[in-house]
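A quick write-up on the structure given underneath.
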Amino acid sequence: MGSSSLHYSWTLREEQRVEAIVGPGARRLLGRLVGRMGYSSTALIVDRHVPEPLRKGLEDSLKEAGLRYSILMVSGGEQLKSVESLVEIWRWLLSQGFTRDSLLVAYGGGTLSDTAGFAAATYMRGVDWATVPTTLLAMADAAAGGKTGVNLGAKNVVGAFHHPRLIVADTEHLTTLPIEDYVSGLAEVVKHAVLAGRDALSWIQSVEKELLERRSDTVARAIGFSLDVKMKIVARDPRERKGDRMLLNLGHTVAHALERATGYVMRHGHAVSIGLVVEAYASVEKLGAPVEDAETIKAVLEGLGLPTRPPGNLNPMETLKGVWLDKKRRGDRIVLPLIRSIGDPVLVEMRVEEAVRLLARAWERALQA
Ligand SMILES: NC(=O)c1ccc[n+]([C@@H]2O[C@H](COP(=O)([O-])OP(=O)(O)OC[C@H]3O[C@@H](n4cnc5c(N)ncnc54)[C@H](O)[C@@H]3O)[C@@H](O)[C@H]2O)c1
């Protein structure tokens with residue numbers, strides 16, 4: 001592999017292995033990597049919003065490796081995550097003669113990997129797939145963990161767990177992302193650091209400037225670290241059965257309520273950032289977490305230019321009613337991921353009304369902090 005790329009490998013159940021290559025120019029390794037895997041053909045599904053010179057590098061690598069491939073171009077964005085897109089992809093796969101021994105490659109942001117991953121999970125009862133994420137959110141989060149699916153009225157209603165065999169995260173794609181989208185993606189990196197521990201958060205603080213300048217070696221380390229934290233948790237609970245995986249939802253109970261209340265106008269990472277702070281203050285009240293930990297989390301997020309205060313025009317109790325629609329709710333109870341301290345996350349079960357009141361008090365505290 002290229003000396004500047006980081007290489008990871010995780011083993012899930014049933015000898016299922018997920019490999020990740022992270023670094024500048026990593027997409028040019030795709031052909032060689034896929035070539036070694038021995039598939040009969042490659043179905044490449046590409047987000048046309050990825051700038052042409054970047055796309056060319058990926059295609060050239062498949063050509064150079066002498067692979068048989070076909071390309072389907074689609075438009076990335078939340079509208080892609082639909083049953084209609086799936087039908088289009090399934091029909092295309094069939095028309096191109098792809099079979100069980102073909103590999104599907106998703107090349108785009110999280111909306112593309114969610115949709116194409118689900119097509120891979122279902123086409124001919126499941127074909128292997130690889131993902132080449134092109135946004136920071138997709139590199140640091142959506143590419144890993146095997147959750148695939150599309151929206152149907154609400155988000156991610158239809159889907160399947162289907163892990164990609166390979167993740168190729170090429171940081172060169174991040175240079176063309178709007179700054180708000182890039183910074184928004186950093187919130188998930190911070191979430192993974194809060195789950196991992198103080199050293200990880202201190203490291204982020206120490207490289208804050210490089211991250212904001214999108215220095216490829218630093219960003220690659222942050223992405224590799226994020227994927228590693230996520231995959232180690234996922235490996236303990238690949239299909240979200242034992243609960244461990246719910247820890248990855250830290251910050252997201254409030255984030256989802258905020259996204260709903262703002263009609264999904266607020267960027268996901270911005271909502272997660274505010275959610276991490278509110279839930280850290282909820283952890284102070286509920287679990288006696290050190291208040292300094294909540295302050296540290298807030299400072300790291302602020303250092304990266306992420307919002308940490310809930311919008312002043314939103315009523316907390318009204319907004320947090322959205323918690324009733326949370327996927328983690330079971331009847332009138334909910335399991336909230338909170339922290340005993342940084343690096344010590346825990347799942348806490350409580351009544352939904354109690355969770356709403358706890359988070360509303362923490363919301364007020366976050367406003368004053
Ligand atoms: N499966 C999971 O575990 C998981 C985790 C987190 C988020 N998600 C999903 O991910 C989706 C969000 O992903 P996203 O933020 O990547 O959104 P996205 O795929 O919509 O990408 C954002 C926009 O940027 C464009 N784009 C992609 N790469 C680009 C590049 N390099 N340069 C310029 N433009 C580019 C896209 O076409 C799109 O218009 C949501 O649907 C969310 O539900 C899934």
Side-chain angles (χ1 to χ4, degrees), residues 1-11 15-74 76 89 92-109 112-113 115-117 119-121 123-124 126-135 138-139 142-144 146 148 162-176 216-217 220 223-224 227 231:
M1 286 312 114
S3 57
S4 59
S5 292
L6 306 168
H7 188 179
Y8 297 81
S9 169
W10 305 276
T11 303
E15 293 157 21
Q16 198 179 8
R17 242 158 62 104
V18 179
E19 292 204 42
I21 309 290
V22 187
R27 75 191 180 292
R28 295 196 193 89
L29 303 171
L30 184 76
R32 241 192 308 153
L33 293 164
V34 171
R36 278 188 209 153
M37 292 160 106
Y39 293 97
S40 65
S41 54
T42 304
L44 184 57
I45 305 184
V46 176
D47 182 344
R48 58 167 63 84
H49 300 149
V50 177
E52 214 275 326
L54 291 163
R55 281 193 258 135
K56 189 170 174 306
L58 185 92
E59 212 187 320
D60 285 351
S61 98
L62 295 179
K63 273 189 202 143
E64 280 155 22
L67 297 174
R68 196 172 83 76
Y69 67 93
S70 307
I71 300 180
L72 175 69
M73 302 287 279
V74 296
I89 295 171
W92 175 76
L93 291 168
L94 205 55
S95 72
Q96 299 295 311
F98 288 112
T99 49
R100 289 286 296 275
D101 60 354
S102 305
L103 178 77
L104 188 152
V105 176
Y107 182 40
L112 178 54
S113 56
T115 311
Y123 181 69
M124 297 207 169
V127 294
D128 285 350
W129 72 296
T131 183
V132 185
T134 60
T135 64
M139 291 186 201
T148 69
H162 189 46
H163 291 273
R165 284 199 56 195
L166 177 65
I167 301 166
V168 177
D170 182 341
T171 48
E172 283 177 15
H173 295 92
L174 301 176
T175 54
T176 56
S216 59
D217 51 344
I223 292 164
L227 291 174
M231 285 304 290

Are any non-hydrogen side-chain atoms of Val132 and Leu58 less than 4.5 angstrom apart? yes
Parallel, tilted or perpendicular, judged at 30° and 60°: which one describes the rings of Trp129 and His162? parallel
Taking C-beta and beyond as the side chain, do His173 and Arg27 meet within less than 4.5 Å on heavy atoms? yes
Minimum-distance pair of heavy atoms, taken over all atoms of Tyr107 and Val50: OH-CG1, 3.6 Å
Please check this pair: side chain of Arg68 against backbone of Thr42, looking for a donor-acceptor N/O pair closer than 3.5 Å. no
Compare every heavy atom of Ala169 with every heavy atom of Ala26, then report the nearest pair and how far apart it is. CB-O, 3.9 Å
How long is the straight-line distance from NE2 of His163 back to CG of Asp128, given to the nearest 0.5 Å? 12.5 Å
Do Leu174 and Ile223 come close enough that some side-chain heavy atom pair is under 4.5 Å? yes
Nearest 0.5 angstrom please: Glu59 CD to Ile71 CD1, how far? 3.5 Å
Steps toward side-chain contact (heavy atoms from CB on, under 4.5 Å) verdict (Thr148, Ser113): CA-CA 7 Å; Thr148 69; Ser113 56; over 6 Å; no
Show your working on side-chain contact (heavy atoms from CB on, under 4.5 Å) between Trp10 and Leu227 and close with a plain yes or no. CA-CA 10 Å; Trp10 305 276; Leu227 291 174; 4.0 Å; yes
For a quick test of reading the model, state the closest non-hydrogen atom pair linking Ala116 to Ile45 and the distance between them. CB-CD1, 4.2 Å
Validation row: Val18, Ile167 side chains within 4.5 angstrom (heavy atoms): yes
d(Leu72 CG, Leu93 CG) to nearest 0.5 Å is 8.0 Å
Euclidean distance, Ser5 OG relative to Ile21 CD1, rounded to 0.5 Å: 6.5 Å
Would you check if Val105 and Thr131 make a side-chain contact, meaning some heavy-atom pair closer than 4.5 Å? no
Are Glu172 and Leu54 packed together at the side-chain level, in the sense that at least one heavy-atom pair is separated by less than 4.5 angstrom? yes
Enter the distance from Thr134:OG1 to Asp170:CG here, rounded to the nearest 0.5 Å. 10.0 Å
Leu62 vs Leu44 side-chain heavy atoms within contact, under 4.5 Å: yes
Side-chain heavy atoms of Leu30 within contact of Leu166, under 4.5 Å: yes
What pair of heavy atoms forms the shortest contact from Arg55 to Val46, and how long is it? CD-CG1, 3.4 Å
On a heavy-atom basis, which atom in Met139 and which in Pro133 lie closest, and how many Å separate them? CE-O, 3.3 Å
Candidate pair Phe98 and Met124, rule side-chain contact (heavy atoms from CB on, under 4.5 Å), full reasoning: CA-CA 9 Å; Phe98 288 112; Met124 297 207 169; over 6 Å; no
List the steps and the verdict of side chain to side chain donor-acceptor pair (under 3.5 Å) for Ser9 and Glu19. CA-CA 4 Å; Ser9 169; Glu19 292 204 42; 5.1 Å; no
Test Arg100 against Tyr39 for side chain to side chain donor-acceptor pair (under 3.5 Å), laying out the working first. CA-CA 9 Å; Arg100 289 286 296 275; Tyr39 293 97; over 6 Å; no
What one should report as the nearest heavy-atom pair of Leu67 and Gly31 is CD1-O, 3.6 Å
